[in-house]
Q: 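One structure, pasted below without further comment.
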Amino acid sequence: MEHPGLSTNMRRILLLISCLILAVGICGGPLMMRLYYVEGGSRIWLSSWLQTGGWPLTLIPLAILYYYRRKTEGSNAKFYLMTPRIFIASFVIGVATGLDDFLYSWGGSKLPVSTSSLLLAAQLAFTAVGAFFIVKLKLSPFSINAVVLLTVGAVLLGIRSNGDRPEGVTSKEYIIGFMMTLLAAALYGVILPCIELIYMKAKQAITSTLVLEIQMIMSFAATVFCTVGMIANKDFQAMSREAKQFNLGEARYYTVIVCTAAIWQCFFVGIIGVIYCSSSLMSGVMIAVLLPVTEVLAVIFFKENFSGEKGLALFLSLWGFVSYFYGEFRQTKKQKNTSPEAEMTITTHTESV
């Protein structure tokens, strides 16, 4: 049975699981998108669609959770928990996510991999600012330190990287791609706190089922948005032709398509899980800290050079990661030490009365 109020240990376990799922998505998603473009793919709307097109996979855990609700609550178990108000909010954010997917895919098709670090660096900064204004998140010195370190590390990767403009990309296309990448960063930096705001204003218990329902509707709306773009751009008709011209072969083309959709879904499910168990800022920190891991994987799979700048960025990111969690640890310890004192005060007051 699902409990609206999770214990500290259970919340930590769910946070760990969400972080692992997010790691698969944030590390695998960009690499799969790069593989698609490097091996002959060129459909930007299709690449955008793949980022949320795996939303039906969310039905699997939802079905399992519904089965357990039926088992414990009987015929009184609701088929879904989402209210119309949350549905509308999730759908609107989903459309914004679809736009963000397009901006990110367009930028990714024109920029070298190293420049994607600028996206993640800017995204973390926008998420911190967005969380501060939208959900009134208090930034501790450790959180600010983590944001600064992670941002510096990510920007270092982008500015000091040896990656040049890709072949066949004009200077104008490169500049437009760069601007679209920054716009995508800004937009997603607003989307993450908005998801957290939905939780805060839900006026109902936030269970794992509701979290998955919100994610499913968001991904569905984003997929609808990108589907319209694919139809207008005639991407569906072009897929069979592109598959035949794919460098890895037609069969592997469709394998890449399916795997890309599944891996990107891990990213979105992980993101919403981290926000549920922690905060939107924590999700931004996780994205930034996993950036160097993506760079290392790019070195392994795409034979890219691992420069000294990338090593320094890895160090700064790990330092920021430790700083953030040390701050969280101190905050948790402080709350535990404060609670007994509060209880003692209440008890003394009651006895005196």
Side-chain angles (χ1 to χ4, degrees), residues 6 11-30 51-52 58 89-90 93-94 96-97 100-101 104 116-117 119-140 142-151 153-154 184-200 206 208 210-212 214-216 218-219 222 263-294 317-318 320-325 327-328 331:
L6 295 176
R11 187 173 290 275
R12 286 175 179 172
I13 292 173
L14 288 176
L15 178 59
L16 177 61
I17 294 173
S18 297
C19 288
L20 292 174
I21 295 174
L22 175 60
V24 173
I26 193 59
C27 294
Q51 293 182 47
T52 53
T58 314
S90 301
I93 294 177
T97 302
D100 186 80
D101 292 342
Y104 177 69
S116 66
S117 61
L119 163 67
L120 296 179
Q123 180 174 297
L124 178 60
F126 283 122
T127 300
V129 174
F132 179 77
F133 285 104
I134 296 176
V135 296
K136 310 301 180 183
L137 182 68
K138 294 182 179 179
L139 300 177
S140 68
F142 295 100
S143 298
I144 296 173
N145 182 53
V147 169
V148 172
L149 288 171
L150 291 167
T151 301
L187 181 56
Y188 208 66
V190 174
I191 287 174
L192 293 178
C194 284
I195 296 173
E196 187 174 358
L197 187 63
I198 289 180
Y199 295 159
M200 295 173 62
I206 305 298
S208 53
L210 182 61
V211 169
L212 287 172
I214 291 173
Q215 171 54 36
M216 185 180 69
M218 285 174 52
S219 293
I263 290 175
W264 273 121
Q265 197 57 33
C266 289
F267 169 78
F268 286 104
V269 171
I271 275 288
I272 206 164
V274 171
I275 294 175
Y276 168 55
C277 297
S278 183
S279 66
S280 55
L281 178 60
M282 172 62 179
S283 65
V285 170
M286 282 301 302
I287 291 174
V289 80
L290 288 168
L291 167 64
V293 179
T294 306
S317 295
L318 292 176
F321 189 66
V322 171
S323 174
Y324 179 84
F325 274 101
E328 289 293 301
Q331 183 66 22

Q: If every non-hydrogen atom of Gly130 is compared with every non-hydrogen atom of Pro193, which pair is closest and at what distance?
A: C-CG, 3.6 Å
Q: Does any non-hydrogen side-chain atom of Met286 lie less than 4.5 Å from one of Ile26?
A: no
Q: With Val211, which residues qualify under side chain to side chain contact (heavy atoms under 4.5 Å, CB included), at least two apart?
A: Tyr199, Ile206, Ile272, Tyr276
Q: Looking at Gly28 and Ile263, what are the two nearest heavy atoms and their distance?
A: C-CG2, 3.6 Å
Q: Indicate the atoms forming the closest heavy-atom contact of Ala184 with Tyr104, along with that distance.
A: CB-N, 3.9 Å
Q: Ser90 and Ile214: which non-hydrogen atoms are nearest, and at how many Å?
A: OG-CG2, 3.5 Å
Q: Between Ser278 and Val274, is there a donor-acceptor pair closer than 3.5 Å when you use the side chain of the first and the backbone of the second?
A: no
Q: Given side chains that start at C-beta, do those of Thr58 and Phe268 come closer than 4.5 Å, heavy atoms only?
A: no
Q: Return the SG to CD1 distance between Cys19 and Ile271, rounded to the nearest 0.5 Å.
A: 9.5 Å
Q: Which atom names give the shortest non-hydrogen contact between Thr52 and Asp101, and what distance separates them?
A: CG2-OD2, 3.4 Å
Q: Which value, rounded to the nearest 0.5 Å, describes the distance between Ile191 atom CD1 and Thr127 atom OG1?
A: 10.0 Å
Q: What residues form a ring pair (Phe, Tyr, Trp, His ring centres under 6.0 Å) with Phe142, not counting sequence neighbours?
A: Tyr326
Q: Tell me every residue that passes ring pair (Phe, Tyr, Trp, His ring centres under 6.0 Å) with Phe267, counting only those two or more places apart in sequence or in another chain.
A: Trp264
Q: Between Leu187 and Ala96, what is the shortest heavy-atom contact and its length?
A: CD2-O, 3.4 Å
Q: Using side chain to side chain contact (heavy atoms under 4.5 Å, CB included) as the criterion, point out the one residue from Leu192, Ile195, Leu197, Ile275 that pairs with Val135.
A: Leu197
Q: For a 4.5 angstrom cut-off between non-hydrogen side-chain atoms, does Cys277 reach Met282?
A: no
Q: How long is the span from the CD atom in Gln51 to the CG atom in Asp100, to the nearest 0.5 Å?
A: 8.0 Å
